[in-house]
There are 2 protein chains.
Amino acid sequence: MTTLTPPQHGNDVETVRIMLVDDHAIVRQGLRSILERERDLIVVAEASTPDEALTVIGRSAPHIVLLDLKLSTASDTEGLDLCAELTSSHPAIGVLVLTTFLDEQLVLKAIRAGARGYVLKDVDTSGLVRAIRDVSRGESAFDARSAAAMVRGLNAPDPEESQQLTAREREVLRLLARGLSNRDIGVKLYISETTAKFHVGNILRKLGVSRRAEAVYEATKLGLI
Amino acid sequence: MTTLTPPQHGNDVETVRIMLVDDHAIVRQGLRSILERERDLIVVAEASTPDEALTVIGRSAPHIVLLDLKLSTASDTEGLDLCAELTSSHPAIGVLVLTTFLDEQLVLKAIRAGARGYVLKDVDTSGLVRAIRDVSRGESAFDARSAAAMVRGLNAPDPEESQQLTAREREVLRLLARGLSNRDIGVKLYISETTAKFHVGNILRKLGVSRRAEAVYEATKLGLI
DNA sequence: GTTGTGCCTGCCCGATCGGGCAGGTCGACC
DNA sequence: GGTCGACCTGCCCGATCGGGCAGGCACAAC
């Protein structure tokens, strides 16, 4: 579809149909205002939740989805899951991730989930519009900071190793962070002190640390607590 | 100024002049779009930084300032400082804090900094408009969740106690979080193991905890790390 | 049915922790 | 000059930690 395009003509050819996904009405409204100043961009749908997005995407046929990914709510998987679902069921649609914070691992996760672009919310209007046009042409779009974060993330120790704590281990981790001793953890979880200690040991190993205090620090950074 | 007001007339009386402060152009644009649908609201200024806000406030004479407070960047003081500066130098101006995350301590800090309202960014349009009108009438405006958070925050142990770690203690705290033992902290800071232990003890006492792991957890919550 | 995995348990031992005790220096403030 | 706080140091001791060792059961996958 990247044939020669006359700079401007009629109004319909090469129009980019956009769907906005963000749980903040304010942000959706801001994006809509900014994007609709451009002649070739049109917002065809909005959604505030993943469910809503999956519902409306069928009847709005967007070319690209502008997806807000928030972390720090500990449920960054929600947005990522939606991203993966969209890109697998609608491969032609390009997902452009829009986010507030720059997080190395999140950039990588977004890419693995099929996102074709990643830009921060504080980009200026022209940067956002450029990214949208890039993604709509099938290219990828990462601003400089995101690209740098991606490189840092790839060089960091494998985060998957850290994430694969079992449910029990995450439970122990929470209590550990509250300053409970192995014995207290055991009492709380109706297991022996020895078992609590066993889980703590596994947590330390998986997080690549050797002290509880450091485990709390790492787990917090990874959003596990 | 709460005399009887005819529902609608001319166009100028009772108009609320608003200044937006948010570092994201997208959010500012969204707020502007939403607010300017209301006949009695007018956005007279925008600012993306505290400095900019202080510069433009003089020549735009807003009645209220819509201030975005972000935390999690560890520099939540920036917005709070601006809030305090605005309310002390322009007492007539009502500051309405707009924020993404609900944080007990942040609500309290905002109030201490002179804010007259606190609403979350995911409010619907009508909630936001109502809050603005309330604040413009000199009342305060807190949505239900913020009010609840305020109560929780007031019942929590005094956070100021936690903040008053000395420079040295914060230094020790950082190393402690990295999993260093007292001995290693001593080596790193060119002090004896005993002294390192002394500082750790003081940190535990000031944070109201008895384990290093819990100290890291608390310190992270308080943004000390 | 074997293999693997998550979860559970006991024992041992040296290192570390947390909380006491005692003391000292230095600069700031009154 | 005295007092206060931040910072520093030593010693003691019981509790806890972290890392080994050994084993157990239940369930799912191949």
Side-chain angles (χ1 to χ4, degrees), chain A residues 74 77 157-225, chain B residues 157-225:
Chain A
T77 41
D158 188 1
E160 302 308 317
E161 172 78 7
S162 323
Q163 304 282 15
Q164 66 189 14
L165 295 184
T166 66
R168 195 57 155 177
E169 284 159 357
R170 283 194 300 273
E171 207 167 358
V172 171
L173 178 59
R174 278 203 344 265
L175 299 177
L176 184 155
R178 264 71 173 184
L180 272 67
S181 68
N182 291 334
R183 176 176 306 151
D184 294 340
I185 292 172
V187 170
K188 200 92 176 181
L189 297 182
Y190 304 104
I191 58 179
S192 79
E193 176 183 356
T194 310
T195 304
K197 192 170 153 185
F198 168 77
H199 290 308
V200 170
N202 288 335
I203 291 169
L204 296 180
R205 182 177 48 76
K206 289 187 179 180
L207 292 180
V209 302
S210 59
R211 305 303 185 91
R212 303 156 95 87
E214 194 180 8
V216 174
Y217 179 70
E218 284 297 325
T220 305
K221 276 204 302 184
L222 293 168
L224 296 174
I225 298 186
Chain B
D158 189 1
E160 302 308 317
E161 171 79 5
S162 321
Q163 305 280 16
Q164 65 189 15
L165 294 184
T166 66
R168 197 55 154 176
E169 284 160 356
R170 283 195 299 272
E171 207 168 359
V172 171
L173 178 60
R174 278 203 345 267
L175 299 176
L176 183 155
R178 262 73 173 183
L180 272 67
S181 68
N182 291 333
R183 177 176 305 151
D184 293 341
I185 292 173
V187 170
K188 200 89 174 181
L189 297 182
Y190 304 104
I191 58 181
S192 79
E193 176 183 354
T194 309
T195 304
K197 193 170 150 184
F198 168 77
H199 291 307
V200 170
N202 289 335
I203 291 169
L204 296 180
R205 182 177 47 75
K206 289 188 179 180
L207 292 181
V209 301
S210 60
R211 304 305 184 89
R212 321 176 139 229
E214 194 180 7
V216 174
Y217 178 70
E218 284 299 324
T220 305
K221 276 205 302 183
L222 293 168
L224 297 176
I225 298 186

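Below, all heavy atoms of this structure are taken into account, side chains as well, without hydrogens, waters or symmetry copies. Every chain is numbered from 1, with letters handed out A, B, ... down the list of sequences.
Here the side chain of A:V200 is nearest to one of D:dC17, D:dG18, D:dT9, namely D:dG18. Comparing C:dG19, D:dT16, D:dC7 by their closest approach to the side chain of B:L204 singles out C:dG19. Minimum atom distance to the side chain of A:F198 is reached by C:dT9, of the listed C:dT9, D:dG18, D:dC17. Here C:dT9 is the nucleotide among C:dT9, C:dG18, D:dG10 with the atom lying nearest to any side-chain atom of A:S192.
Between B:H199 and D:dC8 there is a side-chain polar atom (N or O) within less than 4.0 angstrom of OP1 or OP2. For D:dT16, one of the phosphate oxygens OP1 or OP2 lies less than 4.0 angstrom from a side-chain nitrogen or oxygen of A:R183. OP1 or OP2 of C:dA15 has not a single side-chain nitrogen or oxygen of B:S181 nearer than 4.0 Å. Close to D:dG5, at under 4.0 Å from its OP1 or OP2, lies no side-chain N or O of B:T166. Taking only side-chain nitrogens and oxygens, B:N182 never comes nearer than 4.0 Å to OP1 or OP2 of C:dT16. Considering only side-chain N and O atoms, B:R212 lies under 4.0 angstrom from the phosphate OP1 or OP2 of C:dC17. Between B:T195 and the phosphate of D:dC7, there is no side-chain N or O to OP1/OP2 separation shorter than 4.0 Å. For C:dC8, the OP1/OP2 oxygens have a side-chain nitrogen or oxygen of A:R168 closer than 4.0 Å.
Distance CD (A:E214) to P (C:dT16): 15 Å, rounded to an integer number of Å. Atom pair B:L165:CG and D:dA6:C1' shows a separation of 13 Å (rounding to whole Å applied). Rounded to an integer number of Å, the gap from CD1 of A:I191 to P of D:dC25 is 19 Å. Here D:dT9 presents its C1' atom at 12 Å from NZ of B:K197, a figure rounded to the nearest Å. For A:L176 and D:dC17, the CG to C1' distance is 11 Å, given to the nearest whole Å. Rounded to an integer number of Å, the gap from B:K206 NZ to D:dG5 P is 11 Å. Rounded to an integer number of Å, the gap from CD of A:E193 to C1' of D:dG18 is 12 Å. The separation between A:R205 atom CZ and C:dT5 atom C1' is 12 Å, rounded to whole Å.
Distance check: A:R174 CZ to A:L176 CG gives 11.5 Å after rounding to the nearest 0.5 Å. The structure places CD1 of A:I203 at 10.0 Å from CD of A:E171, a figure rounded to the nearest 0.5 Å. Taking CD of B:E169 as the start and CZ of B:R205 as the end, the distance is 7.5 Å to the nearest 0.5 Å. Atom-to-atom distance recorded for B:L204:CG and B:E214:CD is 9.0 Å, nearest 0.5 angstrom.
Of all heavy-atom pairs between A:L207 and A:A219, the closest is CD1-CB, 4.3 Å.
When each of A:L180 and A:T194 is assigned the nucleotide of DNA chain D bearing its nearest heavy atom, the one mapping closer to the 5' terminus is A:L180.
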Determine, stepwise, if the pair A:V216 / B:R211 fulfils side-chain contact (heavy atoms from CB on, under 4.5 Å). CA-CA 12 Å; A:V216 174; B:R211 304 305 184 89; over 6 Å; no
